[in-house]
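What follows is a short report on a single structure.
Worth knowing before you read on, the calculation uses all heavy atoms, side chains too, and leaves out hydrogens, waters and symmetry mates. Ligands are counted one by one from 1 in listed order, and the atoms in each one are counted from 1 as well. The shown structure was predicted, so the numbers you read here are calculated from the model rather than taken from an experiment.
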Amino acid sequence: MVAVGILALQGDFDRHARAIQALGQRSILVRAQEHLSQCDGLIIPGGESTTLIKLLKEHAMWDALSAFAATRPIYGTCAGCILVANSIVGMDQDSLKLIDIDVQRNAYGRQVDSFIDDITIQLNGKAEKMEGVFIRAPKIRRLGVTVTPLGWHGSDVILAEQDRVLVGTFHPELTDDRRVHDYFLRKIKANQTR
Ligand code: GLN
């Protein structure tokens with residue numbers, strides 16, 4: 001069994017914990033730096049990225065996350081994706097720079113700030129359909145050459161990875177579809193044997 005940390009300072013952590021448990025693995029709510037040592041991987045959930053940054057710094061966890069990422073996988077969803085990106089388009093917002101992508105916050109505008117739509121994922125060598133839940137979602141505006149796209153909404157990349165870091169702009173934890181969480185668990189298991 002692997003132990004998956006879910007950053008639980010703010011936002012949508014409970015549904016991620018349930019998704020991990022539904023896949024038969026252990027979830028650990030991470031609220032302090034010392035909780036990270038028990039985790040084989042970490043999910044940074046959706047929420048409000050500016051609030052998350054503030055709380056992480058207040059809890060002295062900002063640098064701890066970078067150190068964690070050097071040896072263990074991280075999956076950033078939505079605000080979590082913004083947090084781990086290289087830079088935030090058009091804003092002077094801090095980020096952990098764990099994956100070579102540039103992200104634009106709230107990129108779908110007011111009219112459609114939250115929606116559900118078909119997306120395509122490619123996690124097992126072939127393209128598959130999935131339902132994507134987007135909530136005031138960011139868009140990935142630039143992917144570095146070392147970043148592999150794994151999911152699309154139209155022509156927008158909405159799921160991608162680089163080495164140990166997986167990012168998605170949508171919320172699989174809000175559906176019963178566990179394919180993305182399952183993929184992250186496989187990433188954690190592969191990391192343990194490397
Ligand atoms: N709009 C939020 C932000 O900019 C992200 C939304 C989410 O995580 N669902 O941080």
Atom pairs and distances, side-chain donor-acceptor, residues 152-165, under 3.5 Å, sequence neighbours left out:
residue	atom	partner	partner atom	Å
His153	NE2	Asp117	OD2	2.9
Asp156	OD2	Lys139	NZ	3.2
Glu161	OE1	Tyr183	OH	3.0
Glu161	OE1	Lys187	NZ	2.8
Glu161	OE2	Tyr183	OH	2.9
Gln162	OE1	Asp100	N	2.8
Asp163	OD1	Arg194	NH1	3.2
Asp163	OD1	Arg194	NH2	3.2
Arg164	NE	Thr71	O	3.2
Arg164	NE	Asn191	OD1	2.8
Arg164	NH1	Ala70	O	3.1

**Complete:** Ordered by chain then number, the protein residues lying under 4.0 Å from ligand 1 by heavy atom are Gly46, Gly47, Glu48, Ser49, Cys78, Ala79, Ile82, Arg105, Asn106, Ile135, Arg136, His171
**Message:** If the condition is side chain to side chain donor-acceptor pair (under 3.5 Å), which residues does Glu128 pass it with, not counting sequence neighbours?
**Reply:** Lys126, Arg179
**Request:** Report the relative orientation of the aromatic rings in Phe134 and Phe115; use parallel for angles under 30°, tilted for 30 to 60°, perpendicular for over 60°.
**Result:** parallel
**Prompt:** Does Gln33 use its side chain to pair, donor to acceptor, with the backbone of Ala60 at less than 3.5 Å?
**Reply:** yes
**Heavy atoms from other residues, nucleotides or ligands near NZ of Lys54 exceed 12 (cutoff 6.0 Å)** = no
Output a table of donor-acceptor pairs, distance under 3.5 Å, between side-chain atoms of residues 82-93 and any protein atom two or more places apart or on a different chain; print 'none' if there are none.
residue	atom	partner	partner atom	Å
Ser87	OG	Asp102	OD1	2.9
Gln93	OE1	Arg105	NH1	2.8
Gln93	NE2	Ser49	OG	3.0

